[in-house]
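One structure is given below, encoded as structure tokens.
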There are 2 protein chains.
Amino acid sequence: MVTPKVEDYLKSIYRLQDRDTPAMTAEVAAAMGVKPPTVTAMLQRMADDGLVHYQRYQGAQLTDRGEKGALKVLRNHRLLELFLTEELGYDWAEVHDEADVLEHHLSETLVERIEALLGSPAVDPHGEPIPTADLEIRECETQQSLAKCQEGTVAVVSEVRESSADVLSYLAKAGISLGTELEVVETAPFGMITCKVRTTEKPLSLPTDVAAEIYVSRPAEPAENERREYNEA
Amino acid sequence: MVTPKVEDYLKSIYRLQDRDTPAMTAEVAAAMGVKPPTVTAMLQRMADDGLVHYQRYQGAQLTDRGEKGALKVLRNHRLLELFLTEELGYDWAEVHDEADVLEHHLSETLVERIEALLGSPAVDPHGEPIPTADLEIRECETQQSLAKCQEGTVAVVSEVRESSADVLSYLAKAGISLGTELEVVETAPFGMITCKVRTTEKPLSLPTDVAAEIYVSRPAEPAENERREYNEA
DNA sequence: GCTTTTGTTTAGACGTATCTAAATCATGTT
DNA sequence: AACATGATTTAGATACGTCTAAACAAAAGC
Ligand SMILES: [Mn+2]
Ligand SMILES: [Mn+2]
Ligand SMILES: [Mn+2]
Ligand SMILES: [Mn+2]
């Protein structure tokens, strides 16, 4: 009943919906790479199966069951991505497509063993949180989009979200990976942000829509003697 | 065009056909767990697609393309089985079902990396040969079915073919795995063969149809001083 | 050789997943 | 308030993969 395709629709709707705003047919169609009538047919079926709340012309929102389904696939996807990088030498730009297929075909047992082998990791190779076995997910609150940082901010890359393989390769070549320290040196008024990569001292300019998907948190290491103060705060 | 289902049909036909005897509809139906009309429809489609030679009422035989397809899936299947045992702690009774699903969803790249990680292995956890990247397969000529061994034969288990998870678990519990040395102590006239397992000294009786799927080869280690003679022969 | 049995194929159906073309709804504009 | 625009849904089609029931062919039995 929950086929691989349904699982992909669940993931799309999960990403597109918001607390109060449902995912609209056209958005889902774009995300899934299909035409709107295909989405309409699918949403009707998923509504019949209790996976989404759907009313014609009003878009769809996941039910509790639908959300569980989405989180299960997301868990499989992210564990796979990490498994491929850690165990099979993939890099973070290659893993997505492979995981997008395999995510639908893992037994419970295999997921558990992969998770155990990786040591119950919290995040995938892009810093995205991995839902736990009971499908809890904790988004990181202390991070912020690079696109919203002020000039002069120094911060550490903690997540790169929703990016294409091309963007991910480019970032890697520019010296950016999880944990890289950046300093925002300029925010131009025409949608461009320039950072200095701390490891290489090289400047790097990015369009805002790319920067918007890069999340950073405050620098990891306060100087030795400041450590205590930080923990007390 | 070659969907996962088609791949499974290719595998079934590969196992069932013989040089001159095609795989018959009923056999394929039994192997695939479907009804005969389903097979007829499928064989017609596969014939249209150039995967089998098919004439009504005469069964099907793989074309060259079909055989390549079958070997590709077999390669994926067996590499996966070995990967699951070597890297994820599965045992030989558990791997089949998992591999039977995943075998259809591996990219070329992933297969290559798995093969490299395993060191281009020759056989899977059941001793079945793994087709090479260019889809060559070399069946082991020097082995023989346990069911055909004479009383008194001493030999080493080199393959356990086509066996259910139950049989594989039973054999494992009885101390039989690849490389186990067996001595045939009795062949009863009513379809039963009794062996002694050399490691445990325990006797083990098996029905002929089970023994028929166990293949053995001559004992691996000639005594140290006989080694040279053996290689010269 | 005719007949029965057995295995195979055809006919007609259903669910999944997709499309195009046409009809319909919702909304923002005049 | 009527209209035009754009998004959405319905209608009707196709491919895959399966089923049941009915028609048919081949082999075996007499
Ligand atoms: Mn997917
Ligand atoms: Mn990811
Ligand atoms: Mn399979
Ligand atoms: Mn095997």
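Worth saying up front: this structure is predicted, and the values here are computed from it rather than measured.
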Under 3.5 Å, which donor-acceptor pairs link side chains of residues 129-136 of chain A to any protein atom two or more places apart or in another chain?
unit_1	atom_1	unit_2	atom_2	d
Thr132(A)	OG1	Asp134(A)	OD1	2.6
Thr132(A)	OG1	Glu136(A)	N	3.1
Thr132(A)	OG1	Glu136(A)	O	3.4

Original post:
In terms of the angle between their ring planes, are His126(B) and Trp92(B) parallel, tilted or perpendicular, with boundaries placed at 30° and 60°?
Top reply: parallel

Original post:
So which one's nearest nucleotide on DNA chain D is more toward 5', Thr3(B) or Gln55(A)?
Top reply: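 The residue mapped nearer the 5' terminus is Gln55(A).
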
Original post:
Does the side chain of Ile193(B) reach to within under 4.5 Å of the side chain of Ser205(B), using non-hydrogen atoms?
Top reply: no

Subject >> Short side-chain donor-acceptor distance under 3.5 Å, Tyr90(A) and Glu98(A) >> reply: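 There is such a pair (donor and acceptor under 3.5 Å, judged by atom type) between the side chains of Glu98(A) and Tyr90(A).
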
Please, which pairs that meet side chain to side chain donor-acceptor pair (under 3.5 Å) have at least one residue in [range], sequence neighbours excluded?
range                       : value
residues 157-170 of chain B : Arg15(B)-Glu162(B), Gln143(B)-Ser158(B), Gln143(B)-Glu159(B), Glu159(B)-Arg161(B), Arg161(B)-Tyr215(B)
residues 110-120 of chain A : Arg75(A)-Glu115(A), Arg113(A)-Glu94(B)
residues 49-59 of chain B   : none

**OP:** Calculate the interatomic distance between Glu7(B) atom CD and dG17(D) atom C1'; express it in whole Å.
**Re:**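 These atoms are roughly 15 Å apart.
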
**OP:** Walk along DNA chain C from 5' to 3' and tell me the first and last nucleotide with an atom closer than 4.0 Å to a non-hydrogen atom of chain B.
**Re:**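 Result: dG7(C) to dT10(C).
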
**OP:** Looking at every strand, decide which applies to Thr40(B) at a 4.0 Å heavy-atom threshold: base, sugar-phosphate, or nothing.
**Re:**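 If one applies the 4.0 Å heavy-atom cut-off, Thr40(B) turns out to touch a base.
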
**OP:** Please confirm whether His77(A) and His96(A) have ring centers closer than 6.0 angstrom.
**Re:**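 Here the rings of His96(A) and His77(A) have centres that are less than 6.0 Å from each other.
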
Original post:
Using a cut-off of 4.0 Å between protein heavy atoms and nucleotide atoms, how would you tag nucleotides 18-27 of chain D 5' to 3' with B, S and -?
Top reply: BBBB--BS--

